[in-house]
Amino acid sequence: MSVAVLGAGAFGTALAVALGRKEPVTLWARDVRAMQDSRQSPRLPGVTLPDSVTITDDLGQAAACGTLLLSVPMQQLSRLLDQIMTPTRGHALVACCKGIDLTEGVGPSALITRHQPDATPAVLTGPSFAADIARGLPTALTLACSDEATGRAVQAQLSTPVLRLYRSDDMIGAELGGALKNVIAIACGACIGAGLGDSARAALMTRGFAEMVRLAAALGAQADTLSGLSGLGDLTLTCTSDLSRNYRFGLSLGRGEPFDPAVTVEGAATAQAAAQLALDHAIPLPVCTAVSDLTQGRLTVRQAMNTLLSRPLKDE
Ligand SMILES: NC(=O)C1=CN([C@@H]2O[C@H](COP(=O)(O)OP(=O)(O)OC[C@H]3O[C@@H](n4cnc5c(N)ncnc54)[C@H](O)[C@@H]3O)[C@@H](O)[C@H]2O)C=CC1
Ligand SMILES: O=C(CO)COP(=O)(O)O
């Protein structure tokens with residue numbers, strides 16, 4: 001089973017580097033000119049792709065591989081799926097993006113099923129910064145696939161001595177953990193940036209986690225998936241590290257500073273999608289909804305804080 005990574009940003013490049021240490025990898029990029037001489041992605045400068053990685057802009061060639069790692073930003077995933085013309089029956093399409101599609105209101109596994117119905121969808125998610133993976137630092141991730149045989153095969157194929165994949169059959173739970181932790185990370189960054197303190201951040205992480213569990217349960221996830229790497233694990237990393245773009249975006253909101261719009265911040269669109277799902281399913285998601293309002297300029301950080309603190313008292 002050959003492997004290709006579709007999307008040559010920071011994460012796709014890091015995955016290609018990690019897998020390229022043990023097997024040949026095809027890396028598809030929209031624009032290869034920026035990479036072919038340097039063998040580096042502008043999104044992950046300083047990391048050079050090994051010779052085992054073939055860089056191509058031929059999507060047909062890349063999509064002929066049996067395992068496809070989809071590493072474009074979430075709001076670009078449906079467009080990429082529609083561009084794949086190669087038959088995908090029997091191919092594993094592994095979503096590596098974290099988010100909820102704003103137009104269709106679903107996560108990556110449902111998007112794969114809708115746009116490439118012959119393929120077997122899977123989800124790779126969990127606490128991992130691209131730079132850490134590229135450096136070969138130890139990392140543990142969740143590989144979720146509802147087809148057991150495919151899940152086991154992809155788990156074995158993508159695991160390396162330092163990249164340890166745990167298998168799950170709960171794609172909904174795994175992908176919602178990865179999507180929603182970005183929203184809570186924006187809230188935590190805003191909290192720290194505005195000087196509201198570590199205690200407030202701990203409260204946001206905990207109450208945010210409760211929202212993740214609540215929405216995931218309503219959408220059919222298994223109860224314990226959110227406590228794993230893809231949920232609590234990634235929430236912990238992203239809400240506490242300056243390496244996180246979502247957290248840094250929140251910091252800039254809290255400080256009232258501008259933020260580079262070219263940086264991928266998945267949590268902003270996911271907050272909007274989550275706020276809509278909260279309305280559709282009549283589930284209270286106050287932190288996600290506040291982040292949605294904050295990132296769309298409908299609330300200031302102070303107003304968001306006041307909105308959360310003035311809610312009626314309730315049982316934990
Ligand atoms: N960077 C990280 O540490 C991690 C990122 N992820 C996830 O991976 C996904 C991708 O993020 P990054 O690689 O970090 O983003 P990035 O901003 O570094 O790169 C995105 C790449 O996608 C390309 N792209 C955008 N639209 C495209 C399209 N329609 N067709 C082809 N290529 C397109 C861009 O040219 C760019 O190279 C996100 O969902 C993110 O949450 C997951 C784990 C870690
Ligand atoms: O998903 C990630 C870590 O697991 C990367 O987080 P950011 O997208 O916030 O940088």
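As the structure lists them, so they are numbered: ligands from 1, and atoms in each ligand from 1. Everything numeric here is computed off the predicted structure, so don't read it as measured data. All values below come from the heavy atoms of this structure, side chains included, with hydrogens, waters and symmetry mates left out.
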(message) Between T88 (side chain only) and H91 (backbone N and O only), is there a donor and an acceptor less than 3.5 Å apart?
(response) no
(message) Which of the numbered atoms in ligand 1 are under 4.0 angstrom from any heavy atom belonging to S128?
(response) 3 (O), 43 (C), 44 (C)
(message) Check this for me: does any side-chain nitrogen of one of K98 and D234 sit under 4.0 Å from a carboxylate oxygen of the other?
(response) yes
(message) Could you identify the single nearest non-hydrogen protein atom to atom 19 (O) of ligand 1 and state the distance to 0.1 Å?
(response) G9 CA, 3.2 Å
(request) Identify the protein heavy atom lying closest to atom 12 (P) of ligand 1, giving its residue, its atom name and the separation to 0.1 Å. (result) R245 NH1, 3.8 Å
(request) Check for a donor-acceptor pair, side chain of S252 on one end and backbone N or O of F249 on the other, with a separation under 3.5 Å. (result) yes
(message) With heavy-atom distances below 4.0 Å as the criterion, list the atoms of ligand 1 near A130.
(response) 1 (N), 2 (C), 3 (O)
(message) I'd like to know if the side chain of D170 and the backbone of Q222 have a donor-acceptor N/O pair within less than 3.5 Å.
(response) yes
(message) Any salt bridge linking E148 with R152? Criterion: basic side-chain nitrogen under 4.0 Å from a carboxylate oxygen.
(response) yes
(request) Please step through side-chain contact (heavy atoms from CB on, under 4.5 Å) for the pair V3 and T26, ending with a clear verdict. (result) CA-CA 7 Å; V3 62; T26 301; over 6 Å; no
(request) Any atoms of ligand 1 less than 4.0 Å from a non-hydrogen atom of P73? List them with their elements. (result) 20 (C), 22 (O), 25 (C)
(request) Give the residue and atom name of whichever protein heavy atom lies nearest to atom 17 (O) of ligand 1, and the separation in Å to one decimal. (result) T264 OG1, 2.5 Å
(request) Give a yes/no on ligand 1: does G7 have at least one heavy atom closer than 4.0 angstrom to it? (result) no
(message) Are L81 and M74 connected into the same hydrophobic cluster when the rule is that any two of I, L, V, M, F, W, Y join if their side-chain heavy atoms are below 4.5 Å apart?
(response) yes
(request) Check for a donor-acceptor pair, side chain of R248 on one end and backbone N or O of L243 on the other, with a separation under 3.5 Å. (result) yes
(request) Pick, from R79, M74, K181, K98, the option with the minimum heavy-atom distance to atom 43 (C) of ligand 1. (result) K98
(request) Give a yes or no on whether the backbone of S292 and the side-chain of T295 come within a donor-acceptor separation of less than 3.5 Å. (result) yes
(request) Please determine if D82 and R79 form a salt bridge, counting it only when a charged side-chain N lies under 4.0 Å from a carboxylate O. (result) no
(request) Could you tell me whether a side-chain N or O of Q75 sits under 3.5 Å from a main-chain N or O of L102, the two making a donor and an acceptor? (result) yes
(message) Checking the side chain of Q83 only, and the main-chain atoms of S78 only, is there a donor and an acceptor separated by less than 3.5 Å?
(response) no
(request) Report the part of E266 in contact with ligand 1, treating N, CA, C, O as backbone and CB onward as side chain, heavy atoms under 4.0 Å; options are side chain, backbone, both, neither. (result) side chain
(message) List ligand 1 atoms under 4.0 Å from S71, heavy atoms only on the residue side.
(response) 10 (C)
(message) Checking contacts here: is it the side chain or the backbone of A8 that comes within 4.0 Å of ligand 1, counting heavy atoms only? Could be both or neither.
(response) backbone
(request) Using a 4.0 Å heavy-atom cut-off, say whether C96 meets ligand 1 through its side chain, its backbone, both or neither. (result) backbone
(request) Can you measure from CE (M205) to SG (C191) and round to the nearest 0.5 angstrom? (result) 11.0 Å
(request) Among all protein heavy atoms, pick the one closest to atom 29 (N) of ligand 1 and tell me residue, atom and distance. (result) Q76 OE1, 3.0 Å
(message) Quick check on contacts: which atoms of ligand 1 are under 4.0 angstrom from a heavy atom of A10?
(response) 1 (N), 13 (O), 14 (O), 16 (P), 18 (O), 19 (O)
(message) What protein heavy atom lies closest to atom 23 (C) of ligand 1? Include the residue and the distance to one decimal.
(response) R30 NH2, 4.0 Å
(request) Ignoring hydrogens and angles, tell me if any N or O in the side chain of N246 forms a donor-acceptor pair with the backbone of G267 under 3.5 Å. (result) yes
(message) Yes or no: does G99 have any heavy atom under 4.0 Å from an atom of ligand 1?
(response) no
(request) May I ask you to decide if V53's main-chain N or O and R39's side chain share a donor-acceptor pair within less than 3.5 Å? (result) yes
(request) Mark the output for V72 as yes if a heavy-atom distance to ligand 1 is under 4.0 Å, and as no if none is. (result) yes
Give me the pairs of N or O atoms, one from ligand 2 and one from the protein, that sit under 3.5 Å apart.
unit_1, atom_1, unit_2, atom_2, d
ligand 2, 1 (O), K98, NZ, 2.7
ligand 2, 1 (O), K181, NZ, 2.8
ligand 2, 4 (O), K98, NZ, 2.9
ligand 2, 4 (O), G126, O, 3.3
ligand 2, 4 (O), S128, N, 3.1
ligand 2, 4 (O), S128, O, 3.3
ligand 2, 4 (O), D234, OD1, 2.6
ligand 2, 4 (O), D234, OD2, 3.4
ligand 2, 8 (O), R245, NE, 3.4
ligand 2, 8 (O), R245, NH2, 3.0
ligand 2, 8 (O), N246, ND2, 3.3
ligand 2, 9 (O), S244, OG, 2.7
ligand 2, 9 (O), R245, N, 3.1
ligand 2, 9 (O), N246, N, 3.0
ligand 2, 9 (O), N246, ND2, 2.8
ligand 2, 10 (O), R245, N, 2.9
ligand 2, 10 (O), R245, NE, 3.0

(request) Give the atoms of ligand 1, by number and element, whose distance to some non-hydrogen atom of F129 is under 4.0 Å. (result) 3 (O)
(request) Find all atoms of ligand 1 within a distance of less than 4.0 Å from any non-hydrogen atom belonging to R43, and give their numbers and elements. (result) 16 (P), 17 (O), 18 (O), 19 (O)
(message) Can you name the atoms of ligand 1, numbered from 1 with element, that are less than 4.0 Å from a heavy atom of W28?
(response) 30 (N), 31 (C)
(request) Quick one: look up the protein heavy atom nearest atom 13 (O) of ligand 1 and list residue, atom name and how far away it is. (result) F11 N, 2.9 Å
(request) Answer with yes or no whether the side chains of R164 and Y166 bring together a donor and an acceptor at under 3.5 Å. (result) yes
